Asks: 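Below: one structure in structure tokens.
Quick note on labels: first sequence line is chain A, next is B, and so on, each numbered from 1. Worth saying up front: this structure is predicted, and the values here are computed from it rather than measured.
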Amino acid sequence: MADALEKRSVSITRLSGNVPQIHTTASTVKGTTPSLVEDGRRRFIAASELSKSFGGFQALGPVNIHIEEGEFVSILGPSGCGKSTLMLVVAGLLQPTKGHIEINGRVLKRSMTDVGIVFQDHLLLEFRTAFENVLLQQEIRGLDRNQIRKRAQELFGKLGLSGAESRYPRQLSGGMQQRVSIARALVHEPSVLLMDEPFGALDAISRTQIRHDLEALWMETRKSVLFITHSIEEAIGLSDRVLVMSNSPGRVVEEIRIDLPRPRPAYLGQYPEFAKYAQQIYKTFEKLGVYQFK
Amino acid sequence: MADALEKRSVSITRLSGNVPQIHTTASTVKGTTPSLVEDGRRRFIAASELSKSFGGFQALGPVNIHIEEGEFVSILGPSGCGKSTLMLVVAGLLQPTKGHIEINGRVLKRSMTDVGIVFQDHLLLEFRTAFENVLLQQEIRGLDRNQIRKRAQELFGKLGLSGAESRYPRQLSGGMQQRVSIARALVHEPSVLLMDEPFGALDAISRTQIRHDLEALWMETRKSVLFITHSIEEAIGLSDRVLVMSNSPGRVVEEIRIDLPRPRPAYLGQYPEFAKYAQQIYKTFEKLGVYQFK
Amino acid sequence: MLATDVKSPTMSPQFHLSSPLARFMPPVLVVIGSLILWEFGSEWFELPKYLLPAPSEFMNRFVTDRGVLAYNFSATAYVVILGFAIATAIAIPLGLAIASYPSLNHNLFPLIVFFETIPKTITAPLFVVWLGFGLSPRIALTAVMTFFPILLNSIAGFSAINPRLNYITRSMGATPWQSFRFVRFPSAMPIIFAGMKMGMVYAVTGCVTAEFVGANEGLAALILQAADYMDVQLMFAAIFATAMLGMLLTGILLGVERWLMPWRRDL
Amino acid sequence: MDELASPRGLRLRAPRSLVTGLWLLVLVAVWAVAVRVLKISEFILPSPGSVLEWIATRPGYFLTATLSTLRLTLVGFGVGIAVAIPVGFALAKIRWLERALYPLIVFLQTMPLITIVPVLVIWLGYGLTTTSILVAFSVFFPVSVNTILGVRSIPHNLFFVTRTMGAGPIQTFQYIDWPMALPYLMSGFRISLAVAIVVAVVSEFIASNDGLGYVALRGVRNRDTVQIVAAVLIAAALGVIINSAAQYIEQMILKKYRE
Amino acid sequence: AEKMKVTLNWLPDNGSIGIIYADALGYYKDAGIDLDIEPGKGSGATSQLVAGGSTDVGLASASSAIGIASKGAPLKVIAPIYQVVDWGITSLKDTPITKPKDLEGKTIALAPGAADIPLFDTMLKLNGVDKSKVNIQMVSGAGGVPLLAEKQIDGISAAPGDVMIPLATKGIEAKQMFYKDWGAPLVGISLIARADKLEQNPELYKKFVDATLKGYSEVAKHPSAAVDALRERYPDAAPKEELMEELTKFDIPLFCTAGAPGIGAVPAATWTTTGEILTATFGSLGDGGIAAKHTESYLPAQLPACP
Ligand SMILES: Nc1ncnc2c1ncn2[C@@H]1O[C@H](COP(=O)(O)OP(=O)(O)OP(=O)(O)O)[C@@H](O)[C@H]1O
Ligand SMILES: Nc1ncnc2c1ncn2[C@@H]1O[C@H](COP(=O)(O)OP(=O)(O)OP(=O)(O)O)[C@@H](O)[C@H]1O
Ligand SMILES: [Mg+2]
Ligand SMILES: [Mg+2]
């Protein structure tokens, strides 16, 4: 608990240290998202009574969720429960059937733009090299070319992508593609990060590595993150708060605050808290019928 | 340890109980694999000094591995280390560059046929429905149609595929495709099962479920299994013995006998042995440079 | 020039058309609309009937001249189907042979591409010189024109198969014939069919060309005959019938494809 | 493991053009011998020698005809794609338009073009207008259909990427639609260029007074088999050259997409 | 000079030689006409082009022009060039066809797209031959010759020049039975034009017809020079010897029939039979019958004399 408190205070310090920088970026970013930095108030994303149907099919909700500034929130839920749908609705890319999103107190009407998104299926452009895919942010947003190039280079280094800059997506393994997609989501230093199973394409061994790398990266910048995953270990390993969703149509059925020190190690089993959190989630899933053990 | 011993004896009992059935199947199966059931001796698959190069590139080995009758052996290793290659060579589908495979003491010359294989990329025939893909075993081997149909139906039920019988592979999710591929490998009740990351396409939550289902299935029949995976949890959760492979060209660098009672639960963290095994593997990987934690 | 270049569209929910009615209504409406425009357009724009008859006029000929039209329609259809069948019967096995032997493929493929690019239509007069009149030059030209797209696609189809699929059959102890029957042939079918669909258009074109050059029956012969008698209506009726023949045969082929390849129905 | 799947090994032997050349030489030799041994009359099948001689004695005549065919091919091709691409994009983007017209386009594609020639000639006379319309028509179908398929093949979610970057319609077209559809367009171009040259020659034969098709028609009128064969051979050579060029250009442009 | 476009009946050859020679001699230029000569693809197509208005004047067989005129096209024949067609059935000398009755049971090639189908039909009808007993093959002119030479067919319906000469070059002798000799004289290749264009600019057409007729008259006088002129302008035309033989033997004699007042005008009787044949062929000739389909108003006062 002491650890958690210390972390929170670090996060806040960090944030205020970051404010001018975010400001600079935000001012050059085109788009309609209300700036998240405003008169020192507590800033956040909040979704109220959100639900989404496709045709007659209820894919999501209703759910209420919020993300505090600089908070790392994970969503954990069985396949098909509406996690991706939730993320797309939060990003303003899909219109909710009911409910609305508020960003910093203002209702979101169009798609968010002060945001970086890692889509579940990477969504890289096959005809651009890895590096050009990341630079797309600069071209479309009309940002400063040199600054973004430098930042992209940095990210490639941190994400273990050095040397892969001029390769095309198809020349990269699934895991590398996903890393490029992560770099693209980060390069313009958005205030919000939405990640939909960003490690889905990786094998278990590489996942552990990249989880570690992402945590390190996040600890540097402390964005507000919505992280979608299937992996209990990953959710616990990365988050400040884990939201567990039920089977389709997904609702938030449990909220778990994770109080573990950062950075967290590859093998979390050594923490008794980890075992406790994991057991709790397994139990919930069993109760929900996600697992059926004979 | 007591548990493990008990399990072994169960396995042997089971096996002898199974012999006539395997015999029946084997006798209707065309092919050249020497029958695995022979004059009561200990039967097994053994690969000696196996290595494989593609062109000049050494993809595998040399490795020595063996599988005892009714044993569940997992191979764990980083991506690209040659696991799939090893499996194909063991199955006789690729010629080893050096070394040879013995089955039950006889050198394997052509491809094994008394075997069920789950390929990493499913390899379903897109022009056959899920059920027809499974029935291919019957058509090619010339087995009894009704018997195999019944067995296939059963497997579809157990694998959560009911209702998907007449769908084409394209209409199934990756996870369902993989399950169909598992059903195809099991339907003719082979003595040997080779599985190459059979849960690779599944999300973490479904993996836990299907791991449980596979274990139950295996406990019923006790085939000899070679199981390839990236997941430490899965390897420990399923195997009698885990072989850890090094980076490319893969060699077996560690062998861990897993002494946990079966059936094993979804969350293994409760066993202190599990933590021990997992730690050991993580350490090995760290030593091999598979993980690089800053 | 492979029809396989046209990749099948990826499935996305946006292209699920609700009902057959919703599917066929719009194009049918467009056809009716354009026919109406044509019908009255010739009045509004004072297009002379002796050059461009209104649809009602030449459609009428399908009733009054149905005997002639049916006779020539079936004559053309006969040649097209026969030529197409001959070409298919030769091209598919040949394609299999070429695809199966890499050295054969290496040697013959460029040559086949070369022959494919020869404009075969203008060789029609040569065919008449070589083969005399009657059915043979028409069938020959039809078959030759149909042959190459089917051959190229058969080669592509039989080559494109994922060699790993053989692992399945081998581990089941399949004979070579079983591997062909259960894996190779069905895998190649969609690509071969794409070639056949293209070939069918060529077949009609080939037959029509041959008829233009020398034939005493068939829709193109009827077109020329009608032109001689300055019977523009009959000419249009014959043109229309030719187009219908092409569409009909392609439609039949599509039907066969759907029937043979149920796994591609919703593509 | 993909390496096993690729038949790349085949390509690294003698260059294909060489193989083709050799085969053609063999064919020509067989032809020459057959004409001589079987005593086939010039009227039925002239010897390769006399065809070559025919061409060699009239270099200017054939060059003019070839250039004229080439011009027709390119004009028709240009017009065809200039219409087909916008139509393709419009149809792919506007759903009701696609619903109404796409089945028609697919069906019209199966119509033998040659049947509408008499009508076009009556309306537009002989010459480049008529012939280039014919060529353009033949180009229109494969290119527009491929454009539609190309745009349709774009995963819908890809547009999310640019939307979150705040891209407008033009940027979306520039960064997503166009480059994503380009490989389909290119294969449409290649297919249709091969068709275009054939249609060009044929439409010259029936609706023009220039080009290789006209030369062949002259041969027919003059009962001169040598001339017909000469025209056919030159057209074939032209076809092969254009095809190879198209393939080369496609490879260059699509380097990014394949390799 | 006024612009004018003429569409020939086919590719430039003997049929259109008068126009080409007149142009070479500068007759059109002298008459103040800037003439554009366009090769055609058969009389039927040329008639349609003239009717459609995309060309000013056409050279086409009268039967094609009258056929389309009978369907309502405002076409008029303004000057017959070949006053009668000498088409007929060509057969090999050892298996000759000398009278229509001989056709029964024989295989005859008719060229699709040519104007002799109605003629053939009329001849059969007038001479009481049952068409169903004749085995008719549609084969283009060029295709028929080798077939006849190889005796795959017994006869070809064509202009003799198209068949006799290539046969002669192969050393094969042939016989001709002319339609005109079996009750079917028919006005042949003629200048045709649209009525409205004629009315708009009669002077131009008169000058054109005058120059053209003079051209054909010169052809009759100097065939060799005319063929040279043709071949100089169209080097891909048939060889000179072939053209010369065809021209002198078969074509020039047709510039005038017996009783014609000169080149460019046929006796009224020939128009009458032509009208009858074509009425039988087309069913009806439409408003005004044959008389409305031709006019002599655009002929020069002084016709060139018959050769
Ligand atoms: N565009 C769409 N049209 C129709 N149905 C959709 C659409 N998108 C998603 N769905 C449906 O909504 C449900 C939720 O989908 P979603 O992708 O949000 O699930 P998820 O939780 O992200 O699953 P996974 O963990 O497998 O990614 C599913 O049943 C899916 O089929
Ligand atoms: N047919 C082949 N031709 C050439 N190289 C091959 C072939 N198959 C595999 N390789 C190479 O051999 C190495 C081992 O491949 P393999 O597929 O066995 O690895 P793996 O351990 O199964 O990896 P993963 O965990 O990613 O499935 C890789 O570098 C691969 O590129
Ligand atoms: Mg999802
Ligand atoms: Mg593998």
Asks: Measuring heavy-atom distances to chain D, does A:Leu136 have an atom under 4.5 Å in its side chain, in its backbone, in both, or in neither?
Replies: both
Asks: Are the ring centres of A:Phe199 and A:Phe227 closer than 6.0 Å?
Replies: yes
Asks: With a 4.5 angstrom heavy-atom cut-off, could you sort out which part of A:Leu125 is near chain D: side chain, backbone, both or neither?
Replies: side chain
Asks: Run the numbers on A:Glu132 and A:Thr129 for side-chain contact (heavy atoms from CB on, under 4.5 Å), then give the verdict.
Replies: CA-CA 5 Å; A:Glu132 286 169 353; A:Thr129 61; 3.2 Å; yes
Asks: Which bit of A:Leu93 is near chain D, if near means a heavy-atom gap under 4.5 Å: side chain, backbone, both or neither?
Replies: both
Asks: Side chain, backbone, both or neither: which part of A:Phe119 has an atom under 4.5 Å from a heavy atom of chain D?
Replies: side chain
Asks: Most heavy-atom pairs under 4.5 angstrom with chain A, which of D:Leu158, D:Ile176, D:Leu182, D:Thr162?
Replies: D:Leu158
Asks: Verify the distance criterion only: is there a donor paired with an acceptor across the side chains of A:Glu189 and A:Thr221 at less than 3.5 Å?
Replies: no
Asks: Taking the six-membered ring for Trp, are the ring centroids of A:Phe131 and A:Phe156 within less than 6.0 Å of each other?
Replies: yes
Asks: Looking only at side chains, do A:Glu71 and A:Ser224 share a donor and an acceptor under 3.5 Å apart?
Replies: no
